[in-house]
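What follows is a short report on a single structure.
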Amino acid sequence: QVQLVESGGGLVQPGGSLRLSCAASGGIFSINTWGWYRQAPGKQRELVTTITRDGNANYADFVEGRFTISRDNAKNTVYLQMNTLKPEDTAVYYCHAEIQRRFYLGQGNYWGQGTQVTVSS
């Protein structure tokens with residue numbers, strides 16, 4: 001069974017940095033697309049960034065050059081490096097993966113459990 005396990009969240013001061021990780025495992029042939037999403041209290045979940053297997057990345061406007069998504073295909077792992085963090089970045093961050101399964105199991109969408117990022121003085 002596919003599972004995505006996130007790590008790296010925590011409390012950081014404004015202007016600080018965090019690096020999130022998300023590792024996928026279980027019957028994976030390939031991961032076509034990764035994404036990071038976030039949800040703050042009282043707000044809808046929003047897309048932060050995506051990256052394809054070949055490394056093509058896209059970012060939401062609010063990132064403003066502060067974040068970088070990367071992936072290690074050999075490890076089935078995606079990362080989100082977040083710099084110059086602002087209080088409005090406070091949210092639960094979720095990783096997402098579109099995965100081709102082994103053994104004719106087809107394609108599916110999977111989510112991590114979420115990790116809390118809090119930016120506060």
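Values below: all heavy atoms of this structure, side chains included; hydrogens, waters and symmetry mates excluded.
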Side chain to side chain contact (heavy atoms under 4.5 Å, CB included) against [X], all qualifying residues, sequence neighbours excluded:
{"X": "V2", "value": "L4, I28, I99, R101, Y110"}
{"X": "S17", "value": "Q81, N83"}
{"X": "S30", "value": "N32, R53, Q100"}
{"X": "S7", "value": "S21"}

Q: May I ask you to check whether over 12 heavy atoms, not counting those of Q13, lie within 6.0 Å of atom CD?
A: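 Counting neighbours around CD of Q13, 12 or fewer heavy atoms of other residues, nucleotides or ligands fall under 6.0 Å, so no.
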Q: Please check if atom CZ in F62 has more than 12 non-hydrogen atoms from other residues, nucleotides or ligands closer than 6.0 Å.
A: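 Result for CZ/F62: enclosed.
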Q. Any side-chain heavy atom of W36 sitting closer than 4.5 Å to one from V78?
A.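 In contact.
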Q.
Please enumerate all residues that pass salt bridge (Lys or Arg N to Asp or Glu O under 4.0 Å) together with K75, with sequence neighbours excluded.
A.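 With neighbours one apart ignored, the set is empty.
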Q: Please report the shortest heavy-atom distance between S70 and I51, naming the atom on each side.
A: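 Shortest heavy-atom separation between S70 and I51 comes out as CA-CD1, 4.1 Å.
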Q.
Can you give me the closest heavy-atom contact between V12 and L85, atom names plus distance?
A.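 Shortest heavy-atom separation between V12 and L85 comes out as CG1-CD1, 3.6 Å.
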**Q.** side chain to side chain contact (heavy atoms under 4.5 Å, CB included) between W34 and H96, worked out
**A.** CA-CA 6 Å; W34 286 103; H96 169 267; over 6 Å; no
Q.
Would you say Q39 and E46 are linked by a side-chain donor-acceptor pair, where the criterion is simply a distance under 3.5 Å?
A.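 On atom types as modelled, these side chains do not qualify, holding no pair under 3.5 Å.
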Listed pairs under 3.5 Å, donor-acceptor, residues 111-121 side chains, sequence neighbours left out:
| residue | atom | partner | partner atom | Å |
| --- | --- | --- | --- | --- |
| Q113 | OE1 | E6 | N | 3.0 |
| Q113 | NE2 | E6 | O | 3.0 |
| T115 | OG1 | G9 | N | 3.2 |
| Q116 | NE2 | A91 | O | 3.4 |
| Q116 | NE2 | T118 | OG1 | 3.3 |

Q. Which pairs count as ring-ring contact (aromatic ring centres under 6.0 Å, His included) when at least one residue sits in residues 75-95, sequence neighbours excluded?
A.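 Those involving residues 75-95 do not exist here.
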**Q.** Pair listing, disulfide (SG to SG under 2.5 Å) test, anchored in residues 78-109, at least two apart
**A.**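 Matches after skipping sequence neighbours: C22-C95.
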Q: Can you tell me which residue pairs pass the disulfide (SG to SG under 2.5 Å) test with a partner in residues 48-84, sequence neighbours excluded?
A: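 Listed by first then second residue: nothing to list.
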(Q) I need the single residue from T84, T49, D89 that forms a side-chain contact (heavy atoms from CB on, under 4.5 Å) with F67. Which is it? (A)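 So, applying the side-chain contact (heavy atoms from CB on, under 4.5 Å) to F67 and each of T84, T49, D89, only D89 qualifies.
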What distance do [X] atom [atom1] and [Y] atom [atom2] have between them, rounded to the nearest 0.5 Å?
{"X": "M82", "Y": "R19", "atom1": "CE", "atom2": "CZ", "result": "11.5 Å"}
{"X": "I31", "Y": "Q107", "atom1": "CD1", "atom2": "CD", "result": "11.5 Å"}
{"X": "Y59", "Y": "T68", "atom1": "OH", "atom2": "OG1", "result": "4.5 Å"}

**Q.** Under 4.5 Å side-chain linkage, directly or through intermediates, the cluster mates of Y104
**A.**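 Once heavy-atom contacts under 4.5 Å are chained together, Y104 still belongs with nothing else.
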Q: Under 4.5 Å between side-chain heavy atoms, chaining through other members, with only Ile, Leu, Val, Met, Phe, Trp and Tyr counted: pull out the rest of the cluster around F103, sorted by chain and number.
A: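 Direct or chained contacts put F103 with none.
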Q: Walk me through it: do E64 and K86 pass the test salt bridge (Lys or Arg N to Asp or Glu O under 4.0 Å)?
A: CA-CA 11 Å; E64 298 175 320; K86 305 175 180 179; 2.8 Å; yes
Q. Who pairs with D54 by side-chain hydrogen bond (donor to acceptor under 3.5 Å, both in side chains), at least two apart in sequence or on another chain?
A.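 D54 satisfies side-chain hydrogen bond (donor to acceptor under 3.5 Å, both in side chains) with T52 only.
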